[in-house]
Amino acid sequence: MGGSGTRRRWIRLAAGAGLLIAALALGRPAAHLVRSWWTDTNELEELPAGFVDDASRMNATRVTEIWNVPPETEAAERQLAQLLQRARENGLGVSIAGARHTMGGHTISPDGIVINMLPFNRMELDEDAYILHVQAGAKWSQIIPYLDVRGRSVAVMQSNNSFTVGGSLSVNCHGWQYGRPPIASTVRSFRLMRADGTIVRCSRRENEDLFSLALGGYGLFGIILDVELVVVANERLRLEQHVVPVHRALVIFDQLAREGPDVSLVYARLNIVPDELFSAVIINVFRREAEGDIPELSDPGLVALRRAVFRGSAEGEYGKELRWAAETKLQPHLLKKVFSRNQLLNEGVEIFQNRSAESTDTLHEYFVPRTRIAQFLVALRRIVPAHDGNLLNVTMRSVDTDADTFLRYADRHMLALVMLFQQPRTAAGDDAMEAMTQEIVETALSLDGRYYLPYRLHATAEQFHRAYPQARDFFDRKRRFDPDEIFRNRFYEKYTLK
Ligand SMILES: Cc1cc2nc3c(=O)[nH]c(=O)nc-3n(C[C@H](O)[C@H](O)[C@H](O)COP(=O)(O)OP(=O)(O)OC[C@H]3O[C@@H](n4cnc5c(N)ncnc54)[C@H](O)[C@@H]3O)c2cc1C
């Protein structure tokens with residue numbers, strides 16, 4: 001009797017202890033996520049009238065005018081030519097703005113005129129030829145649903161859908177499309193309004209010089225009006241997930257490159273927990289599956305939870321640990337295994353966008369040859385903590401050689417590291433980011449790499465010209481096509497050397 005009573009007491013105690021441990025274990029993540037959700041209020045401010053900014057929220061600048069392009073082609077062309085004439089007569093700079101997700105004032109000419117391309121967003125698909133005729137202000141978020149019902153998809157784009165065609169072409173973007181060159185490779189032709197108001201068609205056979213200068217040309221050669229873009233079939237993709245040490249990830253990347261055609265998209269994310277920085281990688285490989293239906297396009301799932309996990313990762317080591325655990329342990333069980341290509345591409349930046357008044361998120365991207373990437377990671381492991389960089393995300397991509405653009409970043413096959421940092425929205429926060437950026441840029445340059453240009457203008461002019469030795473020629477050609485320097489922006493102002 002006495003023995004079984006003692007046993008029952010022990011069993012009750014053990015069960016209680018188990019429950020307590022479970023509550024504690026579940027309690028901390030739950031408390032963390034609730035706090036992250038609770039403190040994540042929308043503090044994005046309206047800009048004062050006459051000011052514009054970009055995704056950095058560090059570039060508020062007074063301009064003379066913001067001019068919306070009308071959607072009708074004829075009216076747009078006539079009025080744009082008049083606007084350029086007016087700008088010339090009044091000595092005003094003109095900058096061109098898509099969705100303004102660049103971060104260095106690339107869409108801003110101080111005291112100048114900003115052309116807002118967003119209303120100029122019509123499109124038409126030539127289904128048989130797989131060519132989308134699209135006006136430059138259209139965003140991928142408008143294009144993907146349009147293509148989806150027609151069984152097509154975007155061939156190369158960024159990892160989110162929030163950007164315009166004109167902005168994407170003008171930075172020559174790239175994404176998770178495995179082993180593909182950047183977007184310029186998918187452009188058949190476009191029409192460009194030059195500084196004198198004339199319109200020319202640019203392709204690999206007509207006005208080839210302007211074709212390669214305006215693609216990746218940061219709005220300095222003219223206004224891209226509309227584009228003939230090669231599209232691909234929408235696909236049913238099966239997810240295969242690997243969580244591996246970083247050296248193994250590089251081996252997997254090499255293997256995928258050899259495997260070829262059934263790999264469609266690859267998304268690799270590095271561990272950013274400070275004590276384990278870059279030690280492991282989650283690689284999501286999406287393989288084409290010929291048999292079976294393509295799932296229908298729907299709204300992105302679990303948005304509030306994913307946002308709470310992501311934004312919570314800005315708050316110290318625990319948030320970063322929780323996110324890594326969620327993505328490596330929990331997500332594989334929650335995720336579906338079969339996706340539509342369009343679904344994977346159709347996600348906006350709102351899911352992770354920083355909306356706080358005090359801080360902002362700053363992107364960096366570096367392109368490094370495959371043989372030097374391990375050295376680059378070793379250096380980053382030292383540089384980022386030395387500058388107290390608050391890393392929120394690091395992804396790795398494979399970008400093939402770009403044979404089309406003049407100011408090219410992928411002059412050979414490159415591995416790209418995309419890093420998102422949170423920083424205070426203050427001058428001191430920006431100075432600290434600048435110092436860290438310059439050290440990382442220097443490291444990338446020493447490893448035959450370079451950095452991506454749409455972000456903060458933190459690299460020195462000397463570093464920029466070392467990264468892009470063709471830039472002096474690029475700017476000379478700009479002035480040949482636009483002798484009055486009508487098309488101007490802060491990127492041009494900082495880096496042009498006359
Ligand atoms: C959260 C986030 C994620 C990102 N992810 C990726 C990624 O995965 N891959 C990648 O490659 N990049 C990425 N980027 C960078 C992004 O591709 C560029 O900032 C791109 O320019 C955004 O498009 P946009 O419409 O916002 O362009 P804007 O910022 O509006 O414009 C970019 C440049 O293009 C010029 N321009 C715009 N429209 C025209 C036009 N019609 N004619 C001529 N010039 C024009 C502008 O003057 C400016 O110089 C990311 C940026 C952010 C903020």
Decide yes or no on side chain to side chain contact (heavy atoms under 4.5 Å, CB included) for N393 and R323, but give the supporting numbers first. CA-CA 10 Å; N393 205 46; R323 179 165 170 232; 2.9 Å; yes

One pair to check against side chain to side chain contact (heavy atoms under 4.5 Å, CB included): W140 and N160. What are the steps and the verdict? CA-CA 8 Å; W140 301 125; N160 294 96; over 6 Å; no

Walk me through it: do L417 and L380 pass the test side chain to side chain contact (heavy atoms under 4.5 Å, CB included)? CA-CA 11 Å; L417 271 193; L380 286 176; 3.6 Å; yes

Please report the C-alpha distance between E439 and R382 in whole Å, then the side-chain angles of each, then the deciding distance to 0.1 Å, and finally whether the salt bridge (charged side-chain N to carboxylate O under 4.0 Å, His left out) criterion is met. CA-CA 11 Å; E439 197 172 339; R382 178 180 52 75; 3.4 Å; yes

Can you list the steps and then say if T61 with R490 is a side chain to side chain contact (heavy atoms under 4.5 Å, CB included)? CA-CA 11 Å; T61 307; R490 287 198 162 165; 3.1 Å; yes

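The existence of a salt bridge linking D476 and R479 is confirmed by a sub-4.0 Å separation between a basic side-chain nitrogen and an acidic carboxylate oxygen. A salt bridge does not link R100 to D53: none of the charged nitrogens lies less than 4.0 Å from a carboxylate oxygen. At a threshold of 4.0 Å, the pair R372-D448 counts as salt-bridged, since one of the basic side-chain nitrogens sits closer than that to a carboxylate oxygen. Salt-bridge annotation for E434 and R456: absent, with no side-chain N of the basic residue lying under 4.0 Å from a carboxylate O of the acidic one. Here E276 does not pair with K320 in a salt bridge; the nearest charged N to carboxylate O distance is not below 4.0 Å. Electrostatic pairing of R466 and E442 counts as a salt bridge here, judged by a charged N lying under 4.0 Å from a carboxylate O. Contact check on D361 versus R311 returns a salt bridge, with a Lys/Arg side-chain nitrogen under 4.0 Å from an Asp/Glu carboxylate oxygen.
Atom CZ in R488 sits 14.5 Å away from atom CD1 in I108 (nearest 0.5 Å). Distance check, rounded to the nearest 0.5 Å: CD1 of I224 to CD1 of I96 gives 7.5 Å. A distance of 4.5 Å separates CD1 of I183 from OG1 of T186, quoted to the nearest 0.5 Å. Here OH of Y130 is found 11.0 Å from OG of S153. Values are rounded to the nearest 0.5 Å. The distance from the CG atom of L256 to the NE2 atom of H242 is 6.5 Å, given to the nearest 0.5 Å. Rounded to the nearest 0.5 Å, atoms CG (D400) and CE (M414) are 11.5 Å apart.
Closest heavy-atom contact between S56 and D54: OG-OD1, 2.6 Å. Of all the heavy atoms in I294 and S340, the pair that sits closest is CG2-CB, 3.4 Å. Contact record, I143 with V154: CG2-CG2, 4.2 Å, taken as the closest heavy-atom pair. The two residues R288 and V263 have their closest heavy-atom pair at NH1-O, 3.5 Å. The two residues V303 and P300 come nearest to each other via the heavy atoms CG2-O, 3.4 Å. Here the closest non-hydrogen pair linking M58 and T426 is CE-O, 3.8 Å.
Contact annotation: the side chain of I223 approaches that of M117 to within less than 4.5 Å [non-hydrogen atoms, C-beta and beyond]. Side-chain contact between R57 and L44 is present, with at least one heavy-atom pair separated by less than 4.5 Å. L147 is listed as a side-chain neighbour of L132, based on a closest heavy-atom distance under 4.5 Å. Here the side chains of P454 and Y218 are in contact, with some heavy-atom distance below 4.5 Å. At least one side-chain heavy atom of Q423 sits under 4.5 Å from a side-chain heavy atom of T360. Residues N346 and D148 fail the side-chain proximity criterion, which asks for heavy atoms closer than 4.5 Å. The shortest side-chain heavy-atom distance between V187 and F211 falls under the 4.5 Å cut-off. The shortest side-chain heavy-atom distance between Y366 and V441 falls under the 4.5 Å cut-off.
Between F491 and F475, the ring planes lie tilted relative to each other; the angle falls in the 30° to 60° range. Aromatic ring pairs are classed by plane angle as parallel below 30°, tilted from 30° to 60° and perpendicular above 60°; the pair F310 and F352 is tilted.
Remark: the backbone N or O of N121 is paired with a side-chain donor or acceptor of Q135 at under 3.5 angstrom. No donor-acceptor distance shorter than 3.5 angstrom exists from the side chain of R180 to the backbone of S185, with no hydrogens or angles considered. A donor-acceptor pair under 3.5 Å is formed between the side chain of D126 and the backbone N or O of A129. For the pair N59 (side chain) and M103 (backbone), a donor-acceptor distance under 3.5 Å is present. In this structure, the side chain of S162 engages the main chain of V349 through a donor-acceptor pair within 3.5 Å. Here the side chain of N207 pairs a donor or acceptor atom with the backbone of R201 at under 3.5 angstrom. The backbone N or O of D209 lies less than 3.5 Å from a partner atom in the side chain of S212, making a donor-acceptor pair. The main-chain N or O of N342 is found under 3.5 Å from a side-chain atom of N234 such that the two form a donor-acceptor pair. Counting only distance, with no hydrogens or angles, the side chain of Q470 and the backbone of F406 share a donor-acceptor pair below 3.5 Å. With hydrogens and angles ignored, the 3.5 Å screen pairs no side-chain donor or acceptor of R341 with any backbone N or O of R152.
Residue pairs satisfying the side chain to side chain donor-acceptor pair (under 3.5 Å) criterion with at least one member in residues 405-415, sequence neighbours excluded, are listed as follows: S398-H413, D402-T405, D411-R450.
For the residue pair Q438 and T460, no side-chain donor N or O sits within less than 3.5 Å of a side-chain acceptor on the partner.
For F464 and Y451, the gap between ring centers reaches or exceeds 6.0 Å. Residues F487 and F221 keep their aromatic ring centres 6.0 Å or farther apart. Outside the 6.0 Å centre-distance limit, the rings of Y468 and F474 are not counted as a close aromatic pair.
Each of H106, H174, H364 was checked for a ring-ring contact (aromatic ring centres under 6.0 Å, His included) with Y452, and the lone residue meeting it is H174.
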